[in-house]
Every structure is written in C-alpha cells, then in structure tokens.
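Data first, discussion second: the structure below is written as structure tokens.
Order of the sequence lines sets the chain letters (A, B, ...), proteins ahead of strands, with each chain counted from 1.
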2 protein chains.
Amino acid sequence: MRHKSFKANLCPVARSLDTIGEWWSLLIVRDALFGIRRFSDFQKSLGLAKNVLSARLKKLVACGIMEQVPASDGSAYQEYALTQKGRELLPVLVALREWGESYLFSRGEKRLQVLDKRTRKPLRRLEVQNAKGEILTANDLELVTVTN
Amino acid sequence: MRHKSFKANLCPVARSLDTIGEWWSLLIVRDALFGIRRFSDFQKSLGLAKNVLSARLKKLVACGIMEQVPASDGSAYQEYALTQKGRELLPVLVALREWGESYLFSRGEKRLQVLDKRTRKPLRRLEVQNAKGEILTANDLELVTVTN
DNA sequence: CAATTCTGGTTGCATGATGCAACCATTCAT
DNA sequence: ATGAATGGTTGCATCATGCAACCAGAATTG
C-alpha cells in the first residue's frame, strides 16, 4: 500500500520522513557518512535486497541527497556520494545513535560507538537548546506557523 | 514482507530504527511530544488508518516509549503518554525538523516552526561536537566497537 | 431513562513494499 | 580469451499499509 505522502505537509519532520523515512534509507545515509560509496559495498554492509537498494539509491539521488560520481579508483564504474544536503543529515543519525545507545543496549553489551577521530573521545551529547544555550524539554516548546 | 530485524545489530542507529523506524512511529512521538494523548486525537491529527495507529501505539507501549494512563479528564478512557525513554527522542525529532526546514521548503513557503515558548525565539541549531565543543563533520568521526 | 453520539478499537480485503533468488550485461583481472 | 566482479533488473511470495465496515462500552443529550 503506497504510503501517505507528506510532501505538502507544513511540518518539517513529516517532510523529512517523506524523503528519508522509508525502511533502509537512513541506514544507507549512515553508511555513506562513514565512507561507503559502491553499490555492492552498501549491499554487503546492510544485507538488503538489491532491488530495494537500487530503488533507494535512485530516490536518494532524485532527492538530491546523493549523487552518482565516477568511481574513485579510475574504473568505469560509478559510485554514490552524499551531497551537502545529504551530509547535513549527520545530526539526525547522531541523535538516533545517542538514543539507541542510551536505551537499547544492556550494560556490557557490545556496540559500535562513534568517537572524535583526533582525540579518540566520545562526542558531546546533543541537547535541544534555546538561543541562549539553555537546555529545553518539549514542554518548553511551541509550534507556530511561519512563512520565512 | 516482514522487515529485517536490527534487534541484534551492534549499531545503535539500526537498533533505534528497529524500534521507531516504521512508517508513522516518529510522527506519533512528535504529536505526543506536543501534547496529544487520545487515540482519536492522534488519528485525527495524523490521518492514519486506525488499525495501523492501534498497532503502532501497542508497539510503542511494548517498547517502553509510551504508557497507557487513565484519562486526564477523569473519564473511564485511557490516554497514551510518553515515558522518559520516549521524551528523550526529542533531539531526533528536532534534528529531523531542522534538516527538513533547511532543505524541503521553498523560500516563503508556509511551515510549522518550533520556538522557545518563553522567549518566542527559534532554537539554537543542533551541532555535532566533540568533548571540547568543536563542531565536527562525518570526516572527523570514527567507529569503534566497545562494551561499556 | 432511552436514544444518540463519541470513543477506542477490531476485522476483512486490496494495493503496494520488502525480501529472496534468479537472471543479465558490462567491466575488470588473470 | 575466460572467469569473476560489478551493478543492476525481473519474477514472485509474504508482509505492511490504507480503506471501510463493524462493534462494544462510555458519555452526552433531550
């Protein structure tokens, strides 16, 4: 059943999910952020069906999140690289990672963690803040309709 | 076709998506963060099929993201409220919102924006930072396997 | 109090999404 | 030249989603 479209939705969350909310899309972006570029490498890393991978990559290219570029090894193949639009999904992936780390692993359970490459230290935790840097919860927020 | 399970995945992103990556789940959490509690209000706000809403709410309760509580108006009905685990999805929703605001609306197009209720000002933008507060890109990150 | 409406679901079914496996054309390596 | 690697496409079965109808209990209205 075709998903309901949020393309015309006033809410940016809904529009984001319309673009990257399908099963597998964010995992493809995650892998691309960590350097995967080849069709077969995405397929091997994720273990998804090639027909679905093909469809997802096509959509990510069509949405401007990824682009196809000549292979970096000089061969005749093409690779998939994130655009700036795609790279700016990093906070989404990091937020998902932090929530998952906090709540979806048992103590002592093996997991993949992200570190700052240079310092080998964990990242500072993402916090929702106001303009002055005060940490906010959902209760501190309101929704308004704007046209900027 | 049943989605591949990421329950045993070492990556927290994959585990998060296993829990909240189904179509509609994050929009339900978004609405709950902004105060919706009743089955019919979720259904009206989102416009999704009642059978899917019912299944999603059941899963969110089973995963400990939401709980069923007596209705706040004293009637015999139940409401759905986010747990702390659910409320801590706020940065995920804010990150999705920011990306969507940046890339999925045309200039001048009407949209819903989140403001700090007290100051009426937009939020500070989420940034991926290291422990010292330096802003990082994906190129500055590495993945390691840990057991903490 | 009875009738009607509201609420929170459950059920049946059709369409599209995902998973699996096979197939195929081009490119690369030996 | 041959076989392997690469990047897909295709066919089909199983599940996910959307739609609409149905239903039981609670609440509201006259």
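With distances taken from any side-chain atom of A/S40 to the nucleotides D/dT6, C/dT7, C/dG19, the minimum falls on D/dT6. With D/dT9, C/dC20, D/dA16 as the candidates, the nucleotide lying closest to the side chain of B/R56 is D/dA16. Set against D/dT9, C/dG12, D/dA16, the side chain of B/N51 has C/dG12 as its closest nucleotide. Distances were taken from every side-chain heavy atom of B/K50 (C-beta onward) to each of D/dT17, C/dG19, C/dG8; the shortest belongs to C/dG8. Comparing D/dT17, D/dG7, D/dC15 against the side chain of B/R2 picks out D/dC15 as the nearest.
Of the N and O atoms on the side chains of A/Y80 and A/E67, not one donor lies less than 3.5 Å from an acceptor on the other residue. Using a 3.5 Å distance cut-off with no hydrogens or angles, the side chains of A/D140 and A/T137 do pair a donor with an acceptor.
When rounded to the nearest whole Å, the span between CG of B/L48 and C1' of D/dA16 equals 13 Å. In this structure, CH2 of A/W24 is placed 9 Å from C1' of C/dG19, rounded to the nearest angstrom. Atoms CG (A/L53) and P (D/dT9) sit 11 Å apart, rounded to a whole Å. Rounded to whole angstrom, the span from the NZ atom of B/K58 across to the P atom of C/dG9 amounts to 7 Å. Rounded to a whole Å, the CD atom of B/E22 is 13 Å from the C1' atom of C/dA17. Between the P atom of D/dG25 and the CD atom of B/Q78 lies a distance of 16 Å, rounded to the nearest Å. When the C1' atom of C/dG9 is taken as reference, atom CD of B/Q43 falls 11 Å away, rounded to whole Å. We find that CG of B/L46 is positioned 13 Å from P of D/dC19, with the value rounded to whole Å.
Formation of a donor-acceptor pair under 3.5 Å by the B/R87 side chain with backbone atoms of B/L82 is found in this model. Checking side-chain atoms of A/Q129 against main-chain N and O of A/L136 turns up no donor-acceptor pair under 3.5 Å.
Distances shown here put a side-chain N or O of B/Y80 below 4.0 Å from the OP1 or OP2 atom of C/dG9. When the side-chain nitrogen and oxygen atoms of A/R38 are compared with OP1 and OP2 of D/dG7, one or more of them lie within a distance under 4.0 Å. Taking side-chain N and O atoms only, B/W23 has no distance below 4.0 Å to OP1 or OP2 of C/dA17. Taking side-chain N and O atoms only, A/S54 has a distance below 4.0 Å to OP1 or OP2 of D/dT9. Contact check, A/K44 against D/dA5: no side-chain N or O comes under 4.0 Å of OP1 or OP2.
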Next on the checklist: Using ring-ring contact (aromatic ring centres under 6.0 Å, His included), reason through A/F6 and B/W23 one step at a time and then give a plain yes or no.
Outcome noted: CA-CA 11 Å; A/F6 304 133; B/W23 198 252; 5.4 Å; yes
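Within the 4.5 Å cutoff, side-chain heavy atoms of A/E22 are placed close to those of A/K59. Side-chain contact between B/L46 and B/R56: absent, with no pair of heavy atoms (C-beta onward) separated by less than 4.5 Å.
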Can you check nucleotides 27-30 of chain D for protein contacts, nitrogen or oxygen pairs under 3.5 Å, and list what you find?
unit_1	atom_1	unit_2	atom_2	d
D/dA27	OP1	B/A76	N	2.6

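If B/K4 and A/M1 are placed on DNA chain C by their nearest nucleotide, the residue sitting closer to the 5' end is A/M1.
Across all strands, A/F42 comes closer than 4.0 Å to no nucleic acid atom at all (heavy-atom distances).
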